[in-house]
Participant: 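Before we start, here is the structure in question, set down as C-alpha cells.
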Amino acid sequence: MKSRRRIYEGKAKILYEGPEPGTLVQFFKDDATAFNNKKHEVVDGKGVLNNRISEFVFGHLNNIGIPTHFIKRLNMREQLIKEVEIIPLEVVVRNIAAGSLAKRLGIEEGEVLPRSIIEFYYKNDVLDDPMVSEEHVTAFGWASPQEIDDMMALAIRINDFLSGIFLGVGIQLVDFKIEFGRHWENDTMRVILADEISPDSCRLWDIETKDKLDKDRFRRDMGGMLEAYRDVAQRLGILTENEPVKGTGPRLVK
Ligand code: TMP
C-alpha cells in the first residue's frame, strides 16, 4: 500500500491525509478501550462494523440536512471525510439514566429521564475528560456561545432522528456521545458533526430484553461485544445475515 501522511491517531481511529485538500481519510481500528485506555483489547472486526454503522448514520443525517464531515465510505475500514477543526468537547445526550449519570446522581439505571439532558465534557486524556459547564466552555474559549447553541440544536435533532431509527428496529437509544468540528467553506465557518456514531459511542438496549448492544459489554466484561455490534448492524439492514465479519474473539493488549 502506498504510504500516506498520518495526521492523528486516537484510541479507535486514525486520520490520514485525504486525496484532495480539505479532506481526510478516517480509518476504523479494531482497538477497544475503556476508562481512558486502562482497559484495552483488540476485537477483530469491530472497526469494520463501526465503519458501516457510522456510515449509515452519518449518510442519513446528511440527507436530512444535518451537516456532517462524512463524504463517503471508501472501503471496509475507511471513510472519506471533510477536514475540520475539532471542538475539544464531548457532547453527551441522555434519554435514560445509565453510566456516569446514574452513578453521580444515585439514579437507578434504566429510569427514563424527565427530558433529554445534554452534557459537555472537556476532551483531555490527562484529566480523564472532566465534565464541564457552559460557563467553563465559554470562559476558557473552547467554544463560543453561538457554537454552544449550534451544537445543542444539532444534538437534539440528532437525538430525535437516532431515537426513531433505533426504535424502529427494537432498540432503545439510552445515551450517546458526539463531537463537532469547525468547517470553513470559502469565508464562512459552520459547526458540523464529526467523529463517529457507533455502538462504541452509544448505549443501545434491546427494547424487550434490555440486553446491552454496545460498548458496555466490553467496559463491564460481559463478553459478546462483536456479536452485539453485528446484531445492531443487521437490524439496521446494513449487514445481511450471512455477510461475514470475521472475529476470533478479543485479544488483550498490554
Ligand atoms: P457515561 O455514562 O460513561 O458518561 O457515557 C455517556 C455516553 O457517552 C455513553 O453512550 C458512552 C459514551 N462515551 C464515549 O463515547 N466515550 C467516552 O469516553 C465516555 C466516557 C463515554
Side-chain angles (χ1 to χ4, degrees), residues 8-13 26 28-41 43 46-47 49-51 53-54 57-58 68-69 86-113 115-133 136-137 142 151-152 154-156 158-163 165-167 171-181 193-207 210-222 225 228-229 232:
Y8 173 83
E9 177 155 4
K11 297 187 200 86
K13 295 185 295 296
Q26 176 165 260
F28 287 76
K29 303 197 284 187
D30 280 338
D31 297 62
T33 70
F35 316 117
N36 198 11
N37 231 352
K38 287 177 199 74
K39 186 173 158 73
H40 183 187
E41 286 176 11
V43 181
K46 179 178 82 88
L49 286 164
N50 280 355
N51 184 22
I53 294 169
S54 204
V57 171
F58 276 63
T68 83
H69 74 167
I86 288 286
I87 294 173
L89 296 172
E90 299 199 338
V91 180
V92 168
V93 183
R94 301 180 185 272
N95 300 307
I96 296 169
S100 68
L101 176 93
K103 200 168 163 189
R104 194 181 328 117
L105 301 182
I107 305 173
E108 182 133 6
E109 279 210 326
E111 197 169 301
V112 178
L113 296 170
R115 63 174 175 83
S116 302
I117 294 174
I118 300 179
E119 298 170 340
F120 296 102
Y121 294 82
Y122 178 46
K123 265 170 76 75
N124 185 313
D125 279 342
V126 177
L127 301 176
D128 268 346
D129 300 344
M131 185 159 83
V132 293
S133 72
H136 299 113
V137 173
W142 299 321
M151 287 189 286
M152 290 179 76
L154 288 170
I156 289 165
I158 293 165
N159 184 42
D160 287 345
F161 177 75
L162 283 185
S163 293
I165 287 264
F166 283 119
L167 200 59
I171 294 174
Q172 252 175 336
L173 177 62
V174 173
D175 55 31
F176 61 98
K177 184 269 296 182
I178 44 182
E179 297 183 26
F180 293 93
L193 182 69
D195 194 51
E196 72 178 296
I197 295 180
S198 73
D200 266 11
S201 57
C202 301
R203 283 200 176 91
L204 303 170
W205 294 355
D206 181 275
I207 201 141
K210 308 293 174 194
D211 266 359
K212 297 185 197 311
L213 304 173
D214 57 63
K215 197 167 143 188
D216 270 351
R217 299 206 74 88
F218 170 75
R219 294 189 191 97
R220 302 181 187 192
D221 294 319
M222 300 168 75
M225 181 195 201
Y229 285 31
V232 172

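First listed ligand is number 1; within each ligand, the first listed atom is number 1. All figures in this text were calculated on a predicted structure; none of them were measured in a lab.
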Participant: Just by distance, do the side chain of Asp30 and the backbone of Gly47 share a donor-acceptor pair under 3.5 Å?
Facilitator: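 Checked: pair present.
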Participant: List the closest protein heavy-atom neighbour of atom 18 (O) of ligand 1: residue, atom name, distance to the nearest 0.1 Å.
Facilitator: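 Minimum-distance protein heavy atom for atom 18 (O) of ligand 1 reads Glu90 OE1, 3.9 Å.
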Participant: What atoms in ligand 1 come closer than 4.0 Å to a heavy atom of Ser201?
Facilitator: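 Going through ligand 1 atom by atom, the ones under 4.0 Å from Ser201 are 10 (O), 12 (C), 15 (O).
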Participant: Would you call Ile53 and Glu196 a side-chain contact if the rule is heavy atoms closer than 4.5 Å?
Facilitator: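 Counting from C-beta outward, Ile53 and Glu196 never come under 4.5 Å.
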Participant: Measure the distances from the heavy atoms of Arg219 to every atom of ligand 1 and state whether one is below 4.0 angstrom.
Facilitator: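 Yes; Arg219 lies near enough to ligand 1 that a heavy-atom distance drops under 4.0 Å.
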Participant: With a 4.0 Å heavy-atom cut-off (strictly under), which part of Arg104 contacts ligand 1: side chain, backbone, both or neither?
Facilitator: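 Neither part.
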Participant: Does the Lys NZ or Arg CZ of Lys39 fall within the cation-pi geometry relative to Phe218 - under 6.0 Å from the ring centre and within 45° of the axis?
Facilitator: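 Positive - Lys39 is close enough to the ring of Phe218 and near enough to its axis.
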Participant: What's the shortest heavy-atom distance between Glu109 and Trp205, and which atoms?
Facilitator: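 Closest approach of Glu109 to Trp205, heavy atoms only: C-CH2, 4.3 Å.
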Participant: Ignoring hydrogens, what is the shortest heavy-atom contact between Ala194 and Phe58? Give both atom names and the distance.
Facilitator: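 In this case the closest contact between Ala194 and Phe58 is O-CZ, 3.3 Å.
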Participant: Is ligand 1 under 4.0 Å from a heavy atom in the side chain of Cys202, in the backbone, in both, or in neither?
Facilitator: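 The answer is the backbone of Cys202.
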Participant: Students should be able to answer this: which protein heavy-atom is nearest to atom 15 (O) of ligand 1, and at what distance?
Facilitator: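 Nearest neighbour among protein heavy atoms for atom 15 (O) of ligand 1, to 0.1 Å: Lys177 CE, 3.1 Å.
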Participant: Taking atom CZ of Arg115 as the centre, report whether more than 12 heavy atoms of other residues, nucleotides or ligands fall under 6.0 Å from it.
Facilitator: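 Not more than 12 within 6.0 Å, no.
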Participant: Compute the minimum heavy-atom distance from Lys215 to ligand 1 and say whether it is under 4.0 Å.
Facilitator: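 No, Lys215 has no heavy atom closer than 4.0 Å to ligand 1.
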Participant: Which atoms of ligand 1 are found less than 4.0 Å from any heavy atom of Gly99?
Facilitator: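 Once the distances to Gly99 are compared, the set is 2 (O).
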Participant: May I ask you to list the atoms of ligand 1 that are less than 4.0 angstrom from any heavy atom of Phe176?
Facilitator: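 Selected atoms, number and element: 10 (O).
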Participant: Counting only heavy atoms on the protein side, is anything nearer than 4.0 Å to atom 20 (C) of ligand 1?
Facilitator: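 There is no protein heavy atom less than 4.0 Å from atom 20 (C) of ligand 1.
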Participant: Is the shortest heavy-atom distance from the side chain of Val57 to the side chain of Leu162 under 4.5 Å?
Facilitator: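 Answer yes - side chains close enough.
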Participant: To the nearest 0.1 Å, how far is atom 9 (C) of ligand 1 from its closest protein heavy atom, and which atom is that?
Facilitator: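 Protein heavy atom at minimum distance: Asp175 OD1, 3.2 Å.
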Participant: Is the shortest N/O to N/O distance between Ser100 and ligand 1 below 3.5 Å?
Facilitator: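 Between Ser100 and ligand 1 (N or O atoms, distance only) the closest approach is under 3.5 Å.
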Participant: Any idea which protein heavy atom is nearest atom 3 (O) of ligand 1, and the distance to it?
Facilitator: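 Heavy-atom neighbour on the protein nearest atom 3 (O) of ligand 1: Arg203 NH2, 3.6 Å.
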Participant: Just one of Lys11, Lys13, His40 clears the side-chain hydrogen bond (donor to acceptor under 3.5 Å, both in side chains) bar with Asp31, so which one?
Facilitator: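 With Asp31 as partner, side-chain hydrogen bond (donor to acceptor under 3.5 Å, both in side chains) holds for just one option, His40.
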Participant: Would you mind reporting whether Val132 and Tyr121 have side-chain heavy atoms less than 4.5 Å apart?
Facilitator: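 Result no, sub-4.5 Å side-chain heavy-atom pair not found.
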